[in-house]
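See below for the structure under consideration.
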Amino acid sequence: MLLTRTEAIAEIMSGRFTSVEFVKRSDGSTRKMLCRYGVWKHANGNGQAFDPVEKKLLVVYDLQAKGYRSIGVDGITRVKVNGKWEDVQ
């Protein structure tokens, strides 16, 4: 099954644990991440110095690194849905 970018974003923003594969903007390498959207427990209360929506980023909590990471919406290549990797067009 092929997901649209909108469906992939909706899957990530569902609040469930999600595996995602994307191309990093900084160096062009591919990265896989187990993450969750909407985690605010570890936030320090200062907020961000930029607007992630303006920069087309999703801010998620990376469970392996135990920290917040940003995923470029344009770089999402695959998302794991119901235990199966789905490509994103």
Side-chain angles (χ1 to χ4, degrees):
M1 184 169 117
L2 196 61
L3 296 176
T4 65
R5 191 145 324 271
T6 304
E7 291 169 333
I9 293 168
E11 185 65 32
I12 295 167
M13 293 179 71
S14 69
R16 296 184 300 245
F17 295 106
T18 307
S19 292
V20 62
E21 183 180 277
F22 60 98
V23 177
K24 292 171 56 175
R25 287 182 179 177
S26 60
D27 62 4
S29 64
T30 301
R31 179 159 194 267
K32 285 184 184 175
M33 179 189 303
L34 177 61
C35 61
R36 188 170 185 188
Y37 182 84
V39 175
W40 307 115
K41 182 176 181 174
H42 306 287
N44 62 13
N46 294 336
Q48 296 175 316
F50 60 92
D51 180 15
V53 175
E54 186 178 295
K55 294 186 179 269
K56 296 184 181 178
L57 296 170
L58 287 175
V59 179
V60 297
Y61 187 78
D62 183 344
L63 286 118
Q64 286 125 351
K66 296 185 176 17
Y68 293 96
R69 301 291 183 264
S70 297
I71 299 173
V73 172
D74 301 335
I76 300 170
T77 55
R78 297 192 315 159
V79 176
K80 200 175 228 183
V81 179
N82 298 325
K84 184 179 174 199
W85 283 102
E86 303 292 350
D87 291 328
V88 177
Q89 61 181 350

Could you tell me whether the side chain of E11 reaches within less than 4.5 Å of the side chain of R16, counting heavy atoms only? yes
Decide yes or no for T77 and V88: does some side-chain heavy atom of the first lie under 4.5 Å from some side-chain heavy atom of the second? no
Please examine the side chains of V60 and I71, heavy atoms only from C-beta on, and report whether any two atoms are closer than 4.5 Å. yes
At what distance, to the nearest 0.5 angstrom, does CZ of R31 lie from OG of S26? 10.0 Å
Atom NZ of K24 and atom CE of M33: how far apart are they, to the nearest 0.5 Å? 8.5 Å
Side-chain contact test, heavy atoms from C-beta onward, threshold under 4.5 Å: evaluate it for V79 versus E86 and give yes or no. no
Reported CD-to-CG distance for the pair Q89 and L3, which is rounded to 0.5 angstrom: 8.5 Å
R5 versus I76: any side-chain heavy-atom pair under 4.5 Å? yes
Answer yes or no: is there a side-chain heavy-atom contact under 4.5 Å between K66 and Y61? yes
Value rounded to 0.5 Å, distance of CZ in F17 from OG in S19: 11.0 Å
Could you give the distance from OG (S14) to CD1 (I9), rounded to the nearest 0.5 Å? 12.5 Å
Checking E54 side chain against D51 main chain: does a donor-acceptor pair fall under 3.5 Å? no
If you define the side chain from C-beta out and look only at heavy atoms, does anything of R25 sit under 4.5 Å from K56? yes
Audit row: V59, Y37, side chain to side chain contact (heavy atoms under 4.5 Å, CB included) steps and yes/no: CA-CA 7 Å; V59 179; Y37 182 84; 5.7 Å; no
To the closest 0.5 Å, what do you measure between CG (L34) and CG (L63)? 5.0 Å
Let me check something: do F22 and V81 share a hydrophobic cluster, defined by ILVMFWY side-chain heavy atoms less than 4.5 Å apart, either directly or through other members? yes
Path from V23 to V73 over hydrophobic side-chain contacts below 4.5 Å: no
Minimum heavy-atom distance E21-W85, with the two atoms named: N-CZ3, 3.9 Å
V20 versus R78: any side-chain heavy-atom pair under 4.5 Å? no
